[in-house]
Undergrad: 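Structure in structure tokens, see below.
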Amino acid sequence: MNKGPIWYIGLFVTSVLVQVLFMDAIQFSGLVNPYFYVLFILLLPLYVPRYLQLLLGFLLGITIDVFSNTPGIHASATVFLAFMRPLFINSTNVDEQDRGKIPSVMNMGTGWFMKYSGILILLHHVFLFYIEMFTLDDFFNTLMRSVLSALFTFALIIISQFLIFRK
Amino acid sequence: MKSLLNFLIKYHVFFLFLLLELFSLTLIVRYNNFHKVSFLNSSNALTANVFEKAQSVVDYFNLKRINESLSEENARLRQQLQSLLLTDIENAAEYAIGVDTVEAYSAKVIRNSVNKQYNYLTLNKGASDGIEPDMGVVSADGVIGVVLDVSKNYSTVLSILNGRWAINAKHEKTNHFGPLRWDGRDPSFAYLEEIPYHVRINKGDKIITSGYSSIFPEGISIGVVEEVEHSSGDTFQEVKVRLSADFGGLFYVQVLKNKNKEERIELEKSTRNE
């Protein structure tokens, strides 16, 4: 099951709008800030040229930055995510015939997808929260906020799987 | 030369990664310069439009709350008007001098956040409505922030809930002043710093704008003292202030224009130069 470029443009716009209109409005005493927009990077086909992943990551991050007045913060974190993603995929020995596929629960199995999205979301969030603070003061407070937010994002991404890839 | 080229091609992904990260870091570090590039922030027409559309839907569900807060403010203003009318003429004249120098524009908040480290608001008024950078922004309850950037029809506001900025505040009873800064945690509290140890500050005391900068006139409410902390050996005490404005529920704000601002800045500049 492959999706065309139009589908990905739609996914990009949806990810950004869901993030800036809904996710940014979620407030639990400043602790939980889910960054759902990483969905776009997570759902890119398993094997895309790496330079293209980096450029798309940058484009996504800078778009979020423009909406939230944080020039560079989200861009650096999504570029980092886009850089780490192929490293994870390569480490899991994906079958040759699966290479063009979308990494979804249906294609890759629940266990694989949970590991994949869990690790990458955590990496992205930890990177993002420390870059946002731009200091290692308050180390554990920042760590706690990033882990809590990553858990929240993780849950939303898993739920979104069943909305996007409905049979 | 050829081997260098091969090297670059072989590791192009890594170099592209480094390049993009360096560019992003430059954006972060040189934040203040890049902020002047207004297509990179939410006062540009596209992003502001998206927020305005979304906000109009949200507004519909909040009409009751907006109405209530407006009528409350009305009642309060009426009360103030009454007491002003009753004061004797001499004092009233003095008061009027202060009032005359400030002009207020009402604006609607179309974007607001309280849960980030650096929070901003976007307003639906811009340069064509007379808004300029460095104007103060207040709500009916107290100080909100300062205008950072304007486009033709929109403006972005640096909220008090933003670590990149501190507002000059003072303790109403003693007139001791210092910077009031947000620590990035709870959006209900900020900290007034640099208040000498000997100044007696009690819970519930009012903290107001100092009037020492040309952004805000003196005496606008910022918050009330919640707690006073001083670590031993420190010559200053840290005052925890409960902010009076409800940043989570902002719908309309007033942007203040200080008519004598240029004159004041000019005068202060010439004094410094002597």
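Since this is a predicted model, take the numbers as computed values, not measurements. Numbered from 1 within each chain, the chains take letters A, B, ... in sequence-line order.
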Undergrad: To the nearest 0.5 Å, how far apart are OG1 in A:T142 and CD in B:Q117?
TA: 7.5 Å

Undergrad: Kindly compute the distance separating OG (A:S76) from CZ (B:F23), expressed to the nearest 0.5 Å.
TA: 12.0 Å

Undergrad: Side chain, backbone, both or neither: which part of A:Y51 has a non-hydrogen atom closer than 4.5 Å to chain B?
TA: both

Undergrad: Below 4.5 Å, heavy atoms only, C-beta onward: do A:L55 and B:L16 meet side chain to side chain?
TA: yes

Undergrad: Output the distance between atom OG1 (A:T78) and atom CG (B:L20), rounded to the nearest 0.5 Å.
TA: 9.5 Å

Undergrad: What distance do B:S159 atom OG and A:N69 atom CG have between them, rounded to the nearest 0.5 Å?
TA: 11.5 Å

Undergrad: Tell me if the CZ atom of A:F88 is crowded by more than 12 foreign heavy atoms within 6.0 Å.
TA: yes

Undergrad: Taking atom CD1 of A:I6 as the centre, report whether more than 12 heavy atoms of other residues, nucleotides or ligands fall under 6.0 Å from it.
TA: no

Undergrad: Which pairs pass side-chain hydrogen bond (donor to acceptor under 3.5 Å, both in side chains) with one or both residues in residues 133-145 of chain B, sequence neighbours excluded?
TA: none

Undergrad: How many angstroms lie between atom CG of A:D24 and atom CG of B:N112, to the nearest 0.5 angstrom?
TA: 11.5 Å

Undergrad: Please work out which of the three classes, parallel, tilted or perpendicular, describes the rings of B:F51 and A:F67, given edges at 30° and 60°.
TA: perpendicular

Undergrad: Give the C-alpha distance, both sets of side-chain angles, the deciding distance and a yes or no for side chain to side chain contact (heavy atoms under 4.5 Å, CB included) between A:I62 and B:L27.
TA: CA-CA 10 Å; A:I62 204 80; B:L27 282 179; 3.5 Å; yes

Undergrad: Please determine whether the number of non-hydrogen atoms from other residues, nucleotides or ligands lying under 6.0 Å from atom CZ of B:F15 exceeds 12.
TA: yes

Undergrad: Mind listing the closest non-hydrogen atom pair of A:S68 and B:Y120 along with its distance?
TA: O-CD1, 4.3 Å

Undergrad: Supply the atom-to-atom distance B:F14 CZ to A:R50 CZ, rounded to the nearest 0.5 angstrom.
TA: 10.0 Å

Undergrad: Which one wins on heavy-atom pair count under 4.5 Å against chain B: A:L21, A:L17, A:T63, A:V79?
TA: A:V79

Undergrad: Going by residue number, which parts of residues 118-132 of chain A are within reach of chain B, meaning a heavy-atom gap below 4.5 Å?
TA: A:F127, A:I131, A:E132

Undergrad: Can you tell which part of B:L25 gets under 4.5 Å to a heavy atom of chain A, answering side chain, backbone, both or neither?
TA: side chain

